[in-house]
Q: 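Dropping the structure in here first, questions after.
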Amino acid sequence: MQFKYPELLYALFLLLIPIIVHLFQLRKFKKVPFTNVAFLKNVALKTRKSSQLKKWLTLITRMLLFAAIIFAFAQPYFSKNNTLNKTTETVIYLDNSFSMQAKGESGVLLKRAVQDIITNIPENEKVSIVTNSETFKNATVGAIKNSLLQLSYAPNNVSYKTATLKSKNLFDKSSSSIKNLIYISDFQNQNEDFNPEKDSLVNLYAVKLNPINTQNVALDSAYISNSNPTKLELTVTLKNSGNPIENLPISLLNNGNLIAKTSTQINDKASVTFNLPANDSINGELKINDTHLLFDNTLYFNINTQEKINVLAIGTSNSNFLKRIYTEDEFVFSNFNLNNLDYNRINDQNLIILNELENIPNTLSTVLKSFTNGGGTVLIIPSETITIESYNNFLSNYRLGFKDIVASKKSITTINYSHPLYNNGVFEKRITNFQYPKVNAFYNLVANTSPSILSFEDGKPFLTGNANTYLFTGALNDKNSNFKSSPLIVPTLYNIAKNSFKVPELYYNIGAQNSFQIKVSLQQDDVLTLKNDAESMIPKQQTFNNKVVISTDEIPVNAGIYSVMNNNTALKNVSYNYDRSESNLTYQNIDNLTQVYTSNSVNELFDTLKSETKVNAFWKWFVIFALILLLTEMLILKYFK
């Protein structure tokens with residue numbers, strides 16, 4: 001038993017006063033002479049004994065009466081925890097990822113969870129709720145009820161560690177309150193399991209919502225698998241997490257109009273191919289009909305009119321190998337001797353190649369510096385007879401520099417597979433044994449702050465670079481190297497040019513770091529917007545002389561096809577889709593977590609919380625007991641003779 005005001009119990013010591021007075025009372029009986037005491041003596045004794053008994057009963061009754069009153073004012077109670085004098089803070093992490101679209105025994109998992117939260121928490125009680133997309137801090141349920149009922153599914157899946165960190169930050173810093181953190185989720189398998197660390201200050205609870213059916217078919221991805229001058233082959237992959245399906249229809253729409261339809265049988269995975277015209281712009285939409293999860297039934301994509309990349313080579317050396325790589329169907333390639341170069345052409349280029357110049361004039365160095373500052377890319381291929389000072393004057397802008405030339409045969413043996421030039425599917429697997437290209441002479445670098453892309457056997461770089469500057473340390477002519485005959489030459493130079501101007505891809509995933517470029521020259525204070533029929537937004541963008549680099553991560557939040565708008569002019573269409581990681585309906589077993597109280601129902605959990613925090617107050621019983629004692633005393637005084 002516990003007391004709300006235990007200090008009042010000290011008043012029980014006052015009950016000693018009447019006991020002391022009763023035991024040590026100073027009043028003495030007076031002797032009264034009488035003529036015949038033989039008859040009165042027996043009566044007097046009986047009266048005195050009855051009086052003493054009545055006084056003891058009255059004393060005990062009154063003491064119990066005052067004790068009951070003191071106990072009532074001290075307000076005794078009983079509870080599992082000492083919660084009466086403490087405030088309780090409740091923070092709920094409510095998972096609103098797309099996997100919560102699955103149906104449970106009482107309906108859609110997310111909608112049922114919201115209803116149970118509203119039902120079990122009084123409207124005037126303050127609570128904090130964290131979702132993957134929104135945060136409601138220290139708000140009453142009545143105030144946020146409509147927002148909860150209209151809560152939409154979030155395209156970004158928050159990790160369990162992030163959810164825990166965000167939730168704990170909403171608690172008050174004081175340690176005097178009882179802190180309850182509740183996770184409500186289906187606990188779908190992620191890269192890291194749900195396993196929060198035990199916290200002595202926070203009580204952890206988890207409600208695992210179980211779908212009744214894990215059947216789901218998803219449009220997983222789409223890509224151009226083959227192309228020729230007249231047609232493109234679009235391959236679509238599908239995934240199934242349930243029973244095999246004999247006949248699954250897949251529709252292909254362009255601008256909302258059906259242009260092709262096919263069907264396939266699917267067990268775990270399947271793929272279908274559509275043929276598309278090569279030179280048409282397509283605002284594509286792939287569709288299937290699956291009733292379990294809806295978000296992955298549609299896949300948007302765009303095929304825009306192909307935009308050619310401008311490549312300019314400066315030098316007197318043979319450029320035929322460059323012409324064979326930068327073909328007319330994808331590039332606008334031009335080659336100029338340094339003496340005949342029109343500097344006004346440089347700002348119109350995406351990639352400038354310095355092809356074995358013996359020196360770099362100061363004028364060209366200044367123009368190229370401005371070109372790279374404006375977002376252009378430069379590739380430097382030195383000759384064996386360069387003027388090191390003129391090269392270093394230019395390379396110093398990029399924290400690079402040549403030291404001396406080494407006339408020693410070296411093999412190019414190391415490929416940096418994680419570099420952006422090679423991490424986009426250039427190699428199916430990492431090759432450790434291939435026909436190594438060789439050079440007869442190369443330059444040592446004074447300093448190199450950029451990562452090595454290709455390296456010699458001793459670790460020295462053959463090709464190094466960053467986002468917009470690439471440098472070979474040796475000449476590529478046939479006399480000095482056989483690199484032009486190596487299979488590495490094509491993907492290396494091709495991807496350098498492709499990275500110099502990133503045209504929009506077939507589609508992007510919402511929530512990921514995405515970047516693409518638009519060829520446009522904006523007026524001062526002009527910005528590009530992303531727009532579709534439902535919404536319009538301004539993405540992050542960086543403006544250069546002849547292009548704009550657009551970066552998206554948190555926006556957009558809805559899948560669809562968006563137009564890149566310059567005022568009222570549509571420049572390009574870009575598609576965004578939801579991440580398909582939520583399509584895999586496999587779940588973690590959390591019953592073995594000892595530091596977390598687990599439950600399968602929101603209602604069950606709140607019943608448990610109420611029982612743990614329930615306070616059984618006894619002060620009313622002590623008041624009733626005091627009234628009974630008061631009545632008992634009155635009866636003793638009136639009827640006890």
Side-chain angles (χ1 to χ4, degrees), residues 311-319 322 335-341 343 345-347 349-410 412 414 416 419 421 437-477 479-481 483-484 492-493 496-497 499-500:
V311 180
L312 171 63
I314 305 172
T316 57
S317 294
N318 185 4
S319 63
L322 296 175
N335 182 60
F336 287 91
N337 188 296
L338 182 58
N339 296 328
N340 299 326
L341 176 63
Y343 286 91
R345 297 174 62 97
I346 289 181
N347 284 334
Q349 308 303 311
N350 303 113
L351 172 64
I352 303 291
I353 301 175
L354 303 184
N355 187 16
E356 299 193 18
L357 295 176
E358 292 189 359
N359 64 79
I360 302 176
N362 290 334
T363 304
L364 180 60
S365 176
T366 302
V367 173
L368 291 179
K369 174 62 176 174
S370 176
F371 173 72
T372 54
N373 288 342
T377 301
V378 173
L379 169 62
I380 304 109
I381 306 172
S383 72
E384 305 100 303
T385 57
I386 66 169
T387 305
I388 291 181
E389 184 179 356
S390 70
Y391 263 78
N392 286 348
N393 286 337
F394 171 65
L395 294 175
S396 63
N397 296 319
Y398 312 101
R399 297 182 181 179
L400 293 168
F402 288 138
K403 186 176 181 181
D404 54 12
I405 189 169
V406 179
S408 175
K409 184 176 288 189
K410 290 279 187 180
I412 303 163
T414 305
N416 184 356
H419 194 274
L421 290 183
K438 295 178 174 59
V439 297
N440 297 322
F442 66 95
Y443 291 92
N444 283 322
L445 295 179
V446 175
N448 182 23
T449 59
S450 301
S452 295
I453 303 170
L454 297 172
S455 303
F456 296 119
E457 51 203 310
D458 59 358
K460 292 182 178 179
F462 173 65
L463 173 61
T464 184
N466 51 38
N468 61 353
T469 307
Y470 297 90
L471 173 65
F472 282 98
T473 60
L476 301 187
N477 60 68
K479 180 181 177 181
N480 186 64
S481 173
F483 184 74
K484 289 193 292 185
T492 301
L493 297 186
I496 287 175
N499 287 352
S500 70

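All heavy atoms count here, side chains included; hydrogens, waters and symmetry mates do not.
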Q: Begin with the C-alpha distance, continue with both residues' side-chain angles, and end with the deciding distance and a verdict on side chain to side chain contact (heavy atoms under 4.5 Å, CB included) for Phe402 and Leu471.
A: CA-CA 10 Å; Phe402 288 138; Leu471 173 65; 3.6 Å; yes
Q: Take Glu384 and Asn477 through the side-chain hydrogen bond (donor to acceptor under 3.5 Å, both in side chains) test and state the conclusion after the steps.
A: CA-CA 10 Å; Glu384 305 100 303; Asn477 60 68; 3.1 Å; yes
Q: How about Thr469 and Leu395: do any of their side-chain heavy atoms sit closer than 4.5 Å?
A: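 SC-SC contact between Thr469 and Leu395 ruled out.
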Q: Does CG in Asn362 sit with more than 12 non-hydrogen atoms of other residues, nucleotides or ligands closer than 6.0 Å?
A: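 Check fails, neighbour count at 12 or below.
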Q: Side chains of Ser365 and Asn397, heavy atoms from C-beta outward: is any pair under 4.5 Å?
A: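 Heavy-atom side-chain distance check passes, below 4.5 Å.
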Q: How far apart are the closest heavy atoms of Ser500 and Asn350, and which atoms are they?
A: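 For Ser500 versus Asn350, the nearest heavy atoms are CB-O, 3.4 Å.
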Q: Let me confirm one number: the CG-OH distance from Asp404 to Tyr443, rounded to the nearest 0.5 Å.
A: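 Interatomic distance, Asp404 CG to Tyr443 OH, rounded to 0.5 Å: 10.0 Å.
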Q: What are the two closest non-hydrogen atoms of Glu358 and Thr385, and how far apart are they?
A: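 The answer is OE2-OG1, 3.5 Å.
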Q: How far apart are the C-alpha atoms of Leu379 and Leu493, what are their side-chain angles, what is the distance that settles it, and do they pass the side chain to side chain contact (heavy atoms under 4.5 Å, CB included) test?
A: CA-CA 9 Å; Leu379 169 62; Leu493 297 186; 3.6 Å; yes
Q: Assess whether side chain to side chain contact (heavy atoms under 4.5 Å, CB included) is satisfied between Ile405 and Phe442, documenting all intermediate values.
A: CA-CA 6 Å; Ile405 189 169; Phe442 66 95; over 6 Å; no
Q: Applying side chain to side chain contact (heavy atoms under 4.5 Å, CB included), run through Asn440 and Lys409 and close with a yes or a no.
A: CA-CA 4 Å; Asn440 297 322; Lys409 184 176 288 189; 3.4 Å; yes
Q: With side chains defined as the heavy atoms from C-beta onward, is the minimum distance between Lys410 and Phe462 less than 4.5 Å?
A: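 No, too far: nothing below the 4.5 Å cut-off.
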Q: Which heavy atom of Glu356 sits nearest a heavy atom of Pro382, and at what distance?
A: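 Taking Glu356 first and Pro382 second, the nearest heavy atoms are CG-O, 3.6 Å.
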Q: Quick one: sort the Tyr470 and His419 rings into parallel, tilted or perpendicular, breaks at 30° and 60°.
A: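 Ring orientation, 0 to 90° scale: perpendicular.
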Q: Decide if the gap between the ring center of Phe472 and the ring center of Phe483 is smaller than 6.0 angstrom.
A: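 So the answer is yes for these two rings.
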Q: Any side-chain heavy atom of Leu463 within less than 4.5 Å of one from Ile412?
A: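 Heavy-atom side-chain distance check fails, nothing below 4.5 Å.
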Q: Return the minimal non-hydrogen interatomic distance between Asn480 and Ala475, and the atom names on each side.
A: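 Taking Asn480 first and Ala475 second, the nearest heavy atoms are ND2-O, 3.0 Å.
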Q: Does atom NZ of Lys369 have more than 12 heavy-atom neighbours, drawn from other residues, nucleotides or ligands, at distances under 6.0 Å?
A: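 Result for NZ/Lys369: enclosed.
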Q: Between Asn359 and Ser390 (side chain of the first, backbone of the second, donor and acceptor by atom type, cut-off under 3.5 Å), is there such a pair?
A: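 Side chain of Asn359 to backbone of Ser390: no pair is present.
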Q: With rounding to the nearest 0.5 Å, note down the distance linking CG in Asn337 to CG in Leu357.
A: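 Output value for this atom pair is 8.5 Å.
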Q: Are any side-chain N or O atoms of Ser396 and backbone N or O atoms of Asn393, one a donor and one an acceptor, separated by less than 3.5 Å?
A: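 Looks like yes, one N/O pair under 3.5 Å.
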Q: Nearest 0.5 Å, please: how far is CG in Asn468 from CG in Leu351?
A: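 The distance works out to 10.5 Å.
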Q: Please report the shortest heavy-atom distance between Asn416 and Pro451, naming the atom on each side.
A: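 Of all heavy-atom pairs spanning Asn416 and Pro451, the closest is ND2-CB, 4.4 Å.
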Q: Is a side-chain donor or acceptor of Ser455 paired with a backbone partner of Pro461 at a separation under 3.5 angstrom?
A: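 Not confirmed, Ser455 side chain does not pair with Pro461 backbone.
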Q: To the nearest 0.5 Å, how far apart are CG in Leu354 and OG in Ser383?
A: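 Interatomic distance, Leu354 CG to Ser383 OG, rounded to 0.5 Å: 11.5 Å.
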Q: Can you tell if the side chain of Ile346 reaches within under 4.5 Å of the side chain of Leu364, non-hydrogen atoms only?
A: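 Yes, side chains in contact.
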Q: Check for a donor-acceptor pair, side chain of Thr372 on one end and backbone N or O of Thr377 on the other, with a separation under 3.5 Å.
A: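 Side chain of Thr372 to backbone of Thr377: no pair is present.
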Q: Identify, with sequence neighbours excluded, every residue that meets ring-ring contact (aromatic ring centres under 6.0 Å, His included) alongside Phe394.
A: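 ring-ring contact (aromatic ring centres under 6.0 Å, His included) check on Phe394 returns Tyr398.
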Q: Using a 4.5 Å cut-off on heavy atoms from C-beta on, say whether the side chain of Ile353 contacts that of Ile496.
A: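 Counting from C-beta outward, Ile496 and Ile353 never come under 4.5 Å.
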Q: Can you tell me how far apart CD1 (Ile381) and CD1 (Ile386) are? Round to the nearest 0.5 Å.
A: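 Taking CD1 in Ile381 and CD1 in Ile386, the distance rounds to 13.0 Å.
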Q: When you measure from the side chain of Asn392 to the backbone N and O of Gly401, does any donor-acceptor pair fall under 3.5 Å?
A: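 No; judged by distance alone, with no hydrogens or angles, the pair does not exist.
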Q: Measuring from Leu368:CG to Asn373:CG, what's the distance to the nearest 0.5 Å?
A: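 Going from the CG atom of Leu368 to the CG atom of Asn373 covers 11.0 Å.
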Q: State, yes or no, whether a side-chain contact exists between Leu341 and Leu312 at a heavy-atom distance under 4.5 Å.
A: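 They are in side-chain contact.
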Q: Identify the heavy atoms of Phe336 and Arg345 that sit nearest to each other, and give their distance.
A: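 Taking Phe336 first and Arg345 second, the nearest heavy atoms are CE1-NE, 3.5 Å.
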Q: Check whether any side-chain heavy atom of Asn335 lies under 4.5 Å from a side-chain heavy atom of Leu322, and answer yes or no.
A: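 Sidechains of Leu322 and Asn335: no contact.
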